[in-house]
J.: 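Let me give you the structure first, and then I'll get to my questions.
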Amino acid sequence: MAPDVKTTSDRPHKVVMIGMDAGEYSLVEQWCDDGSLPNLAALRKRGASGKLASTAGWLAGSPWPSFYTSTTPSEHGLYHYLIWRPEKMTHERPAPDWLPLDPFWRDIGRAGRDVIALDIPIAYAPVPFPGIEISGWATYETLESPASHPPERLSQIVREFGPPPFDNEAAHMMSPSELIEVRDQCVRTTLLTGKVGAAMMAREKWDLFLTCFAATHRAGHQLWDEANMSGTPTPEQAAELSSAMKAVYEATDVAIGQMLEQAGPDATVIVFSLHGMGVNISRSDVMREMLARVLDDSRSNRNGPVSNRRPVDRLRAFVPIRWRTKIKTKLPRLIQDWLTLFWRTSDIDWATTKAFSMFSDLDGYVRVNLKGREPEGIVSPGTEYDVLLDRIERGLKTFVDADTGESVVGRTIRANELDPKVETVHRTIPDMMIHWATTSAAKHRQIVSPEFGAIDWPTPGRHPQARSGNHRPNGFFIAAGDHIAPCGVVEGAHIIDLAPTIYELMSLPMPATMKGKPLAVLMDAKIAGH
């Protein structure tokens with residue numbers, strides 16, 4: 001059964017959209033059922049809920065742009081905070097001048113509805129529009145520095161509620177006490193976000209209110225399990241950490257309840273997540289070396305351990321990662337991006353490089369140095385291109401864990417298979433995407449291939465990114481209100497259907513550029529997905 005979205009020609013009821021960034025639906029279901037999340041449980045009981053298919057299935061950083069444009073990454077091209085810009089032969093932070101994206105809430109504001117948007121991730125800084133938007137106050141997933149429209153709104157929030165409450169994410173192993181502080185910061189930030197949201201609802205005119213809790217994302221990366229813990233916790237610390245994720249979700253439920261109370265009983269409410277979370281399976285830290293082995297025709301000995309690390313890489317390894325992280329986060333964002341790319345993607349000889357590993361922090365991305373697309377391309381389109389990708393795919397799939405013999409690579413997909421509905425794939429998209437095996441990557445000591453030798457895991461027994469959790473494809477939604485029939489579990493919805501649903505609820509025509517469908521239309525047509 002599908003949610004029955006009713007519309008009228010009159011001004012619609014108020015709509016509240018609350019994101020739980022990277023919120024994991026299996027946890028929400030579990031804790032709704034056991035009474036830990038009473039506000040979400042009540043919302044679910046009187047409305048509709050279900051999983052959302054997501055563009056995170058292959059491009060983990062693409063869900064938010066896909067959500068707010070209702071298009072796929074094959075069309076909009078934004079899938080990470082650093083993406084490939086072929087005309088410059090480098091990765092760059094996205095910018096409106098070369099990758100324009102217009103979030104739907106700004107369009108709805110221009111259509112005459114009163115809009116408030118608070119801390120929506122992975123969107124460009126607010127521009128003048130008939131509405132209120134604050135970006136980068138309580139979220140760390142930003143493309144630009146914190147800002148607002150009108151400009152004074154951010155400073156008003158800071159004066160009343162304090163400066164941005166999140167620290168930078170630690171990229172090093174953390175002690176039990178540090179992990180407990182992560183939990184506490186996530187809880188504090190969540191409750192504070194709830195207060196800010198409720199205050200804005202009370203003070204401002206609004207037809208559409210959007211916000212997002214970033215703490216479910218941060219907690220998922222750092223509190224998923226103990227794989228990023230250094231040292232041994234005391235029994236008391238172990239007890240606290242065993243329920244750390246739950247504490248963050250419980251705080252989110254409290255904050256959601258506070259905002260819904262302020263919104264009033266007549267508001268239509270959609271709580272959602274665009275992707276989930278699970279154990280960290282990323283092998284992206286060895287992806288560059290794996291690809292280099294597969295493409296290296298010169299090595300005579302393919303069976304022994306080989307290190308292709310530069311002298312500067314070996315020197316860097318002597319500096320404790322905790323020190324490197326602390327220094328890097330103090331630098332301007334432009335310098336941080338430069339350093340990230342220097343360590344991960346620099347030192348490429350384009351005259352001899354047929355394919356290279358693109359920047360990523362979960363799945364593996366391969367880009368072919370293609371003639372006619374890359375200015376320094378050396379691979380011809382057509383047969384040479386296809387044969388090269390076949391070779392790469394076969395080679396990568398030969399790598400296994402040295403101790404268990406389990407494959408490291410799960411599935412692969414090519415750009416032209418990513419979205420069959422799109423005739424021309426966006427110029428920024430990888431040519432091949434690699435899903436890793438679903439086992440924890442923290443357990444590796446070494447990965448080996450009978451053809452391409454052994455690669456030492458950078459941090460044996462733990463993950464180089466110091467993240468115990470990482471993204472999973474499915475999101476979810478829970479919707480309730482006078483406009484939503486209490487129909488229980490919904491199947492077949494997609495994250496790009498959320499924005500069209502808002503247009504339907506607000507009695508506005510959906511932009512022709514949007515590829516999603518309002519949920520009622522989608523379900524009535526019994527479309528299984530996108």
J.: May I ask you to decide whether E133 forms a salt bridge with R106, counting only side-chain N to carboxylate O separations under 4.0 Å?
T.: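 Judged by the 4.0 Å cut-off on N to carboxylate O distance, E133 and R106 do form a salt bridge.
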J.: In terms of relative ring orientation, are W64 and F67 parallel, tilted or perpendicular, with 30° and 60° separating the classes?
T.: perpendicular
J.: What I want to check is whether the side chains of Q465 and D361 have a donor and an acceptor closer together than 3.5 Å.
T.: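 No, D361 and Q465 have no side-chain donor paired with an acceptor closer than 3.5 Å.
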J.: Check whether the side chains of H463 and N228 place a donor and an acceptor atom closer than 3.5 Å, and report yes or no.
T.: no
J.: Should T69 and L78 count as side-chain neighbours, where that means a heavy-atom distance under 4.5 Å?
T.: no
J.: Can you tell me if S282 and N280 form a side-chain donor-acceptor pair at under 3.5 Å?
T.: no
J.: Between CG of D21 and CZ of F272, what distance do you get to the nearest 0.5 Å?
T.: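 Taking CG in D21 and CZ in F272, the distance rounds to 9.0 Å.
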J.: For Y68 and I122, indicate whether the former's side chain and the latter's backbone hold a donor-acceptor pair under 3.5 Å.
T.: yes
J.: Under a plain distance cut-off of 3.5 Å, with no hydrogens placed, do E29 and S26 share a side-chain donor-acceptor pair?
T.: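 No.
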J.: Looking only at non-hydrogen atoms, find the nearest pair between W137 and D119 and report the distance.
T.: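 Looks like N-OD1, 2.8 Å.
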J.: Is a side-chain donor or acceptor of R293 paired with a backbone partner of A454 at a separation under 3.5 angstrom?
T.: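 Present.
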J.: So, for Y249 and F213, is the gap between ring centers shorter than 6.0 Å?
T.: no
J.: Any Lys/Arg nitrogen of R188 or E181 sitting under 4.0 Å from an Asp/Glu carboxylate oxygen of the other?
T.: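 Here R188 pairs with E181 in a salt bridge, since their nearest N and O are under 4.0 Å apart.
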J.: Testing the basics here: between L362 and S284, what is the closest heavy-atom pair and its distance to 0.1 Å?
T.: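 Closest heavy-atom pair between L362 and S284: O-CB, 3.8 Å.
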J.: Do the side chains of K443 and E406 get close enough for a salt bridge, i.e. N-O under 4.0 angstrom?
T.: no
J.: Could you tell me how the ring of H91 sits relative to the ring of F356: parallel (under 30°), tilted (30 to 60°) or perpendicular (over 60°)?
T.: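 Because their plane-to-plane angle is over 60°, the rings of H91 and F356 count as perpendicular.
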J.: For F166 and A214, which heavy atoms make the closest approach, and how far apart are they?
T.: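 The pair with the smallest heavy-atom distance is CE1-CB, 3.8 Å.
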J.: Would you name the heavy atoms of C186 and R218 that are closest together and state the gap between them?
T.: SG-CG, 3.7 Å
J.: To the nearest 0.5 Å, tell me how far H426 NE2 sits from I83 CD1.
T.: 7.0 Å
J.: Looking only at side chains, do H76 and S66 share a donor and an acceptor under 3.5 Å apart?
T.: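 Side-chain D/A pair, H76 to S66: present.
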